[in-house]
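Here's the structure, in structure tokens; my notes come after.
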Amino acid sequence: MAARTRPRPGGCAPGSEADVEPVDLAVTALHGSVDDPALNSMNFLNEVAQHYPEAVSLAAGRPYEEFFDSALLHAHLDRFRRHLADDLGLDRAQVDRTLLQYGRTKGIVHHLIARHLAVDERMTVDPETIVVTVGCQEAMFLVLRALRADPADVLFAVAPTYVGLTGAARLVDLPVRPVAGGPDGVDLADLRAGVRRARAEGLRPRACYVMPDFANPSGVSMDTAHRRRLLDLAAAEDLLLIEDNPYGLFPAAGTDRRPTLKALDTARRVVYLGSFAKTVLPGARVGYVVADQRVGGSDGTVGPLADQLAKIKSMVTVNTSPISQAVIGGALLAHDCSLVAANVRERAAYARNLGHLVDGLARRFPVGGPVRWTVPAGGFFVVVTVPFPVDDALLHRSAREYGVLWTPMAHFYDAGTPVRALRLSVSAVTPAQIDLGLDRLAALVGDVTAGVGAPA
């Protein structure tokens, strides 16, 4: 049995038996994912702000809180309840059962999600191809769990990659191979070469994970022509595309929204992941997956991939909270299922903050100098390149000594090599907080570049 040492009362000599406390399990006796850097990163990034509550946080990709209103919860619940009764014809007992009892594994707001996708994304989706999930993270897990059928299976993902994707893949033992990103969002030549190289090694490429709109963490977007070329490549290489779209409703000022990959998909190549965390309410923890790929059963039946994902979900979370779904459903109904209409204020706030941050960087760092930054066409994130390695120790120093939080870009790469870049988020701050945070960041960058201060 593994053991750990800690001081004991009574003055026992170090190394004596009284100093050794047995433990029940060693981490090496658990699944390898629990000690994987990706899972450690997710917890670290979620919790670091709690350790420095006075610091300005330009780290979290959380929604803007100024428009939160808990009174709307009751209004949304009531609106959805009336929808069940008046529009769907349920009697009182059926309404109560729908809201309060264990529910349908695929969800109870799938029809409203399909309407939302038709209204906002010009996407025609059969409601039965939708599974409503506990956040988009569960949707991601279900898809990867279903696709990982053999040790030879591999997943591709554009680097830098959202850490939740690499963590979910690790949970199901699905190796992730990086694909170069770049200004177009994904390097198609690198993806094609990677897929063919994997096949030559006897592996089976299953899918490529992409975030075509304002990607986390890079902020990069794909233009429409490049999206079509990516779909053509997926068809030629017999590859699925997993499209994650949490930020697509938030283009910068003066920027038009582009069609999703799924809206352009005519061959069922795209599995589409959606979330209401950024567009309605993060606390509801409601996401979804559109999986219309046809799956042939051993009994000769054919149905959508969504049916298979629902089987997995039934063994993971049973169903997504009907109360949470009702809140989301009521919010959709309040705006005729258009989240574009529901997020006019939020879109303006994010666009304002994004412009303010980019302008603020330009005022504090000279053009052509060692500090550079991206200028995204929307979303929450800006990547800043600096002339020194950025790691968690520097983040702690930044929070403790300078009072500003950000995210080391190293968390979004799997190579373990030093990365000279950090991510800034504009979503949960005011312009005044952005100014204060950038002043503090500029002081940190100046001191680190000049070698001032001891390492944390």
(request) Can you see which heavy atom on R227 is nearest to which on P212, and at what distance? (result) NH2-O, 3.3 Å

(message) Minimum heavy-atom separation for I242 and V143, please, with both atom names.
(response) CD1-CG1, 3.9 Å

(message) Looking at D120, is its backbone amide N or carbonyl O close enough to the side chain of R257 to form a donor-acceptor pair, meaning the two atoms are under 3.5 Å apart?
(response) yes

(request) Give a yes or no answer on whether the side chain of Q433 reaches the backbone of T430 with a donor-acceptor pair at less than 3.5 Å. (result) yes

(message) So, applying side-chain contact (heavy atoms from CB on, under 4.5 Å) with R269, which one of L261, L264, D238 is it?
(response) D238

(message) Which residue in the set L394, V384, V56 passes side-chain contact (heavy atoms from CB on, under 4.5 Å) when paired with W406?
(response) L394

(message) Less than 4.0 angstrom from a charged side-chain N to a carboxylate O is my criterion; do D232 and R228 meet it?
(response) no

(message) A side-chain contact here means heavy atoms from C-beta on lying under 4.5 Å apart; do Y413 and T417 qualify?
(response) no

(message) Please tell me whether F276 and Y288 form a close aromatic pair, meaning their ring centres lie under 6.0 Å apart.
(response) yes

(request) Specify the closest pair of heavy atoms between G61 and S427, including all atoms of both residues, with the distance to one decimal. (result) C-OG, 3.5 Å

(message) In this structure, is the centre-to-centre distance between the rings of F380 and Y350 below 6.0 Å?
(response) yes

(request) Please report the C-alpha distance between V109 and F80 in whole Å, then the side-chain angles of each, then the deciding distance to 0.1 Å, and finally whether the side-chain contact (heavy atoms from CB on, under 4.5 Å) criterion is met. (result) CA-CA 9 Å; V109 295; F80 186 73; 3.7 Å; yes

(request) Please confirm whether H111 and H83 have ring centers closer than 6.0 angstrom. (result) yes

(message) Between the side chains of D265 and R268, is the shortest nitrogen-to-carboxylate-oxygen separation below 4.0 Å, so that they form an ion pair?
(response) no

(request) State, yes or no, whether a side-chain contact exists between F156 and R206 at a heavy-atom distance under 4.5 Å. (result) no

(message) Would the distance check show the side chain of R420 and the main-chain N or O of P387 forming a donor-acceptor pair, the cut-off being under 3.5 Å?
(response) yes

(message) Using the ring-ring contact (aromatic ring centres under 6.0 Å, His included) criterion, which residues pair with F381? Sequence neighbours excluded.
(response) Y247

(message) Quick one, Q101 and P322 - any side-chain contact, counting heavy atoms below 4.5 Å?
(response) no

(request) Compare all side-chain heavy atoms of T385 with those of T374 and state whether any distance is below 4.5 angstrom. (result) no

(message) In the structure I gave you, are the side-chain heavy atoms of V289 and Y272 within less than 4.5 Å of one another anywhere?
(response) no

(message) Set out, in order, the CA-CA distance, both residues' side-chain angles and the distance that settles salt bridge (Lys or Arg N to Asp or Glu O under 4.0 Å) for E66 and R352, then state yes or no.
(response) CA-CA 14 Å; E66 180 181 334; R352 174 202 67 198; 5.3 Å; no

(request) Return the minimal non-hydrogen interatomic distance between P251 and T255, and the atom names on each side. (result) CB-O, 3.6 Å

(message) As a quick check of understanding, evaluate side-chain contact (heavy atoms from CB on, under 4.5 Å) for V295 and V302, giving each step before the final call.
(response) CA-CA 6 Å; V295 177; V302 176; over 6 Å; no

(message) Taking R204 first and then E237, would you say they form a salt bridge - that is, a charged N and a carboxylate O separated by under 4.0 Å?
(response) no

(message) Can you confirm whether the side chains of Y162 and D244 place a donor and an acceptor under 3.5 Å from each other?
(response) no

(request) Decide, yes or no, whether a salt bridge links K106 with D307 under the criterion of side-chain N to carboxylate O below 4.0 Å. (result) yes

(request) Return yes if some donor-acceptor pair links the side-chain N/O of E121 with the main-chain N/O of P259 below 3.5 Å, else return no. (result) no

(message) I'd like to know if K262 and D292 make a salt bridge, using a cut-off of under 4.0 Å between side-chain N and carboxylate O.
(response) yes

(message) Does either side chain, that of T320 or that of K313, offer a donor lying less than 3.5 Å from an acceptor on the other one?
(response) yes

(message) Checking the side chain of S338 only, and the main-chain atoms of A341 only, is there a donor and an acceptor separated by less than 3.5 Å?
(response) yes

(message) Quick one, D153 and L147 - any side-chain contact, counting heavy atoms below 4.5 Å?
(response) no

(request) Check for a donor-acceptor pair, side chain of E138 on one end and backbone N or O of G287 on the other, with a separation under 3.5 Å. (result) no

(message) If you compare all heavy atoms of T129 against all heavy atoms of P304, which two are closest, and at what distance to 0.1 Å?
(response) CG2-CB, 4.0 Å

(request) Please tell me if the side chains of F67 and D69 come closer than 4.5 Å, counting only heavy atoms from C-beta onward. (result) no

(message) I'd like to know if the side chain of S425 reaches the main chain of A59, judged simply by a donor and an acceptor atom lying under 3.5 Å from each other, with no hydrogens or angles considered.
(response) no

(request) Check for a donor-acceptor pair, side chain of D213 on one end and backbone N or O of S221 on the other, with a separation under 3.5 Å. (result) no

(request) Quick one: list whatever passes ring-ring contact (aromatic ring centres under 6.0 Å, His included) with F214, sequence neighbours left out. (result) none

(message) Do L77 and V327 have side chains that approach each other closer than 4.5 Å (heavy atoms only, starting at C-beta)?
(response) yes

(message) Which heavy atom of A169 sits nearest to which heavy atom of V176, and what is that distance?
(response) CB-CG2, 3.4 Å

(request) Would you check if the side chain of R145 reaches a backbone N or O of R148 as a donor-acceptor pair within less than 3.5 Å? (result) yes

(request) Answer yes or no: is there a donor N or O on one side and an acceptor on the other, between the side chain of S398 and the main chain of V404, under 3.5 Å? (result) yes

(request) Could you tell me whether D435 and R364 have a side-chain N and a carboxylate O separated by less than 4.0 Å? (result) yes

(request) Would you mind checking if R177 and E201 are paired as a salt bridge, meaning a charged N to carboxylate O distance below 4.0 Å? (result) yes

